[in-house]
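These numbers come from a predicted model, not from an experiment. Just so it is clear: chains get the letters A, B, ... in the order the sequence lines come, proteins before strands, and each one is counted from 1.
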Amino acid sequence: MTNPTSPVRVRYAPSPTGIPHIGNIRTALFCWVLAQQTKGEFIVRIEDTDRSRYDADAEKAIFESLDWLGLTWDEGPGKGGPVGPYVQSERQQTYIEAAHRLVESGHAYFDDTTPEQLHALRERQRAAKQPPRYDGRGRHRSTEEIEESRQAGLPITIRLKVPEFGSVSFNDAVRGKITFELKELDDFVILKSDEMPTYHLAHILDDKAMGITHVIRGDEWISSTPRHLLIHQALEIEPPEYVHVPLILGKDKSKLSKRHGATSALEYRDQGFLADAVFNFMCLLGWSPGDDTEVMTREEIVRRFSIDRINDSPATFDVEKLEWMNGVYIRNMSEDELIEHLLPFMERSEADGGLPDTVERPIDQVYLKKLIPLVHERLKLLSEGTETLDFFFADNVYPAAEDLPGRNMDMAMTETALEAALSLCNSVTSFEPEHLEAEYRALAEKIEMKPGQLFSPIRVATTGKAFAPPLFDTMAAIGQERCIERIENALSIVRSAASTSAE
RNA sequence: GGCCCCGUCGUCCAGCGGUUAGGACGCAGCCCUUUCAAGGCUGAGACCGGAGUUCGAUUCUCCGCGGGGCUACCA
């Protein structure tokens with residue numbers, strides 16, 4: 001199907017039973033994009049009809065995830081709108097009324113079968129190698145019998161009467177025509193015994209009341225769509241367009257869930273991923289613009305998105321590619337933007353991955369700004385700012401002796417290198433990077449070492465790390481005084497290692 | 001088990017009857033280079049299988065096989 005040209009009304013209708021994972025959030029993303037493209041409305045509705053599984057933290061995480069990704073909603077909780085409330089538990093009465101109306105019109109009936117009886121029935125079917133399904137026994141209960149059960153305190157549900165023969169089919173926007181045989185379906189519950197509706201009933205009533213034009217949801221709903229069609233028929237209303245998007249799978253190829261590690265958008269935020277990168281990346285999971293373009297702005301995605309380019313097959317989430325894309329987004333940022341994003345991570349407590357607690361907060365932004373060019377293109381995650389920059393802020397660094405020698409160097413050679421480096425560091429007249437480089441290259445030649453051999457111990461001595469930004473820029477940023485201190489420090493580490501091994 | 005969906009490099013995506021099957025991530029090598037990145041170049045790497053249809057199938061159909069989803073008074 002081609003994209004709608006008139007404004008759509010689409011909704012993201014999560015149920016607050018767990019932290020929403022990215023597979024789930026991605027459908028919200030597609031909804032949002034389509035709403036933007038058609039100048040329609042994106043609606044958020046909370047489906048909290050399962051009171052036993054309700055989780056307030058999950059509900060909070062839903063809104064936080066949407067906020068973080070910039071998926072602003074036009075109508076919904078906290079926002080209001082003309083067809084609210086946007087929380088199902090607050091709409092209970094409409095579901096009850098509709099369910100009763102369906103009973104009156106003969107499309108549904110009261111059922112007093114207990115959970116125990118249902119369980120026993122399934123056991124029997126399983127034993128007989130029959131598919132487990134409700135046998136429709138409630139169809140034959142009289143009004144009096146139901147009333148008796150009600151008086152006796154038995155749980156009463158309302159089930160939809162599913163025709164025994166025939167078939168239903170619908171045209172899915174991404175998969176085409178899908179048909180189901182009615183004989184495969186049993187009479188399913190539409191109103192639970194606590195008078196809360198099931199998803200099947202509730203979402204249809206709400207989507208209708210809210211004027212939803214396109215139901216964009218995960219693949220896992222395809223098999224219950226015939227039920228939804230049946231309810232539409234019984235209610236004599238037109239179903240919306242169905243857009244079933246493929247699932248996102250974990251590494252083991254099963255539907256994404258908690259056991260797949262980081263799966264919530266919020267976890268990615270906390271790990272130092274950028275919302276724009278995650279947005280971009282997730283759009284590409286199950287959709288592509290049709291050419292090789294991958295890095296796209298939101299505007300470009302909104303402009304180019306189309307339902308008929310949504311993929312048929314499920315995608316596996318690949319964090320490594322996300323990390324690469326995050327790096328691209330970081331590199332495309334201005335220095336000031338990067339600082340703004342980096343600060344919250346660096347200013348966290350040391351235990352939470354921030355700079356050492358001994359470093360004064362707030363962080364010296366003027367100094368930080370000087371350092372950014374040295375690390376900008378090296379960062380993949382915002383959280384890496386700390387380890388990439390910590391030695392610039394620390395008073396001193398304490399490398400291990402065995403880390404100080406460069407390739408093909410022994411301790412004696414390392415000591416020689418550091419001694420020469422220290423002496424030059426003391427006497428050098430300018431601490432500008434270019435000047436330092438010239439001086440140190442000359443020094444290498446003088447002491448008959450390869451530049452790399454001389455530079456390696458200095459790098460480790462001044463940064464505490466074998467991998468660091470360009471040496472002379474780094475030294476200049478650290479400053480002459482601290483460089484001298486650090487090289488002296490490294491020298492004593494080497495010497496004490498030498499004397500220890502000599503004994 | 002039944003029903004439904006899906007099946008192109010390890011992963012994401014392109015291909016929509018005729019291509020040396022393309023790009024990206026990752027991987028390997030080379031270049032650049034004081035390390036690490038970034039960047040450039042090169043390379044390895046895929047049409048699940050079998051029947052059809054067709055002059056010709058990765059592409060269409062069917063059957064297998066494989067994976068996934070659903071099979072609740074959960075969504």
Tell me the interatomic distance from [X], atom [atom1], to [N], atom [atom2], rounded to whole angstroms.
X	N	atom1	atom2	value
A/Asn280	B/rC13	CG	C1'	13 Å
A/Phe110	B/rC73	CZ	C1'	15 Å
A/Phe472	B/rU34	CZ	P	9 Å
A/Leu284	B/rC25	CG	C1'	11 Å
A/Glu294	B/rU11	CD	C1'	12 Å
A/Arg51	B/rA75	CZ	P	12 Å

Pairwise 5' ranking along RNA chain B for A/Arg407 and A/Asp219, keeping only the more 5' one: A/Asp219
Hunt down the Watson-Crick or G-U wobble partner of [N], both distances under 3.5 Å, from any strand shown, or write none.
N	answer
B/rG39	B/rC31
B/rG1	B/rU71
B/rG64	B/rC48
B/rU59	none
B/rA24	B/rU11

Stacked cation flag A/Arg150 on A/Phe110, 6.0 angstrom / 45 deg: yes
For the side chain of [X], counting heavy atoms from C-beta on, which of [options] is nearest?
X	options	result
A/Phe467	B/rC73, B/rU34, B/rU35	B/rU35
A/Asp318	B/rA14, B/rC73, B/rG10	B/rG10
A/Arg459	B/rC12, B/rG68, B/rU35	B/rU35
A/Pro131	B/rG1, B/rU34, B/rC4	B/rG1
A/Arg309	B/rC4, B/rG15, B/rC73	B/rG15
A/Arg175	B/rA38, B/rC73, B/rC5	B/rC5
A/Glu184	B/rU35, B/rC12, B/rG2	B/rG2
A/Ser288	B/rA14, B/rA72, B/rG23	B/rA14
A/Arg331	B/rU34, B/rA38, B/rC5	B/rA38
A/Lys192	B/rC25, B/rA14, B/rC74	B/rC74

Would a distance-only check, ignoring hydrogens and angles, find a side-chain to backbone donor-acceptor pair under 3.5 Å from [X] to [Y]?
X	Y	result
A/Tyr440	A/Ala421	yes
A/Asp276	A/Thr297	no
A/Thr27	A/Gly23	no

Answer yes or no: does a side-chain N or O of [X] lie under 4.0 Å from OP1 or OP2 of [N]?
X	N	value
A/Arg122	B/rC73	yes
A/Asn311	B/rC6	no
A/Arg53	B/rA75	no
A/Arg441	B/rU34	yes
A/Ser224	B/rA75	no
A/Arg133	B/rG2	no
A/Thr316	B/rC12	yes
A/Ser223	B/rG69	no

B/rU8 versus B/rG15 - spacing of their C1' atoms, nearest Å: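 Here B/rU8 and B/rG15 have their C1' atoms 9 Å from each other.
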Modelled atom types, side-chain donor and acceptor of A/Tyr12 and A/Asn24, under 3.5 Å: yes
Touch class at under 4.0 angstrom, heavy-atom based, for A/Gly286 against every strand present: sugar-phosphate
Sugar-phosphate only, base, or nothing, as touched by A/Ile178 at under 4.0 Å among non-hydrogen atoms: sugar-phosphate
Parallel, tilted or perpendicular: rings of A/Trp221 and A/His200 (30°, 60°):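 Judged by the thresholds at 30° and 60°, the geometry between A/His200 and A/Trp221 is perpendicular.
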Non-hydrogen atoms of A/Arg141 and A/Ile146 that approach each other most closely: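 Looks like CB-CD1, 3.8 Å.
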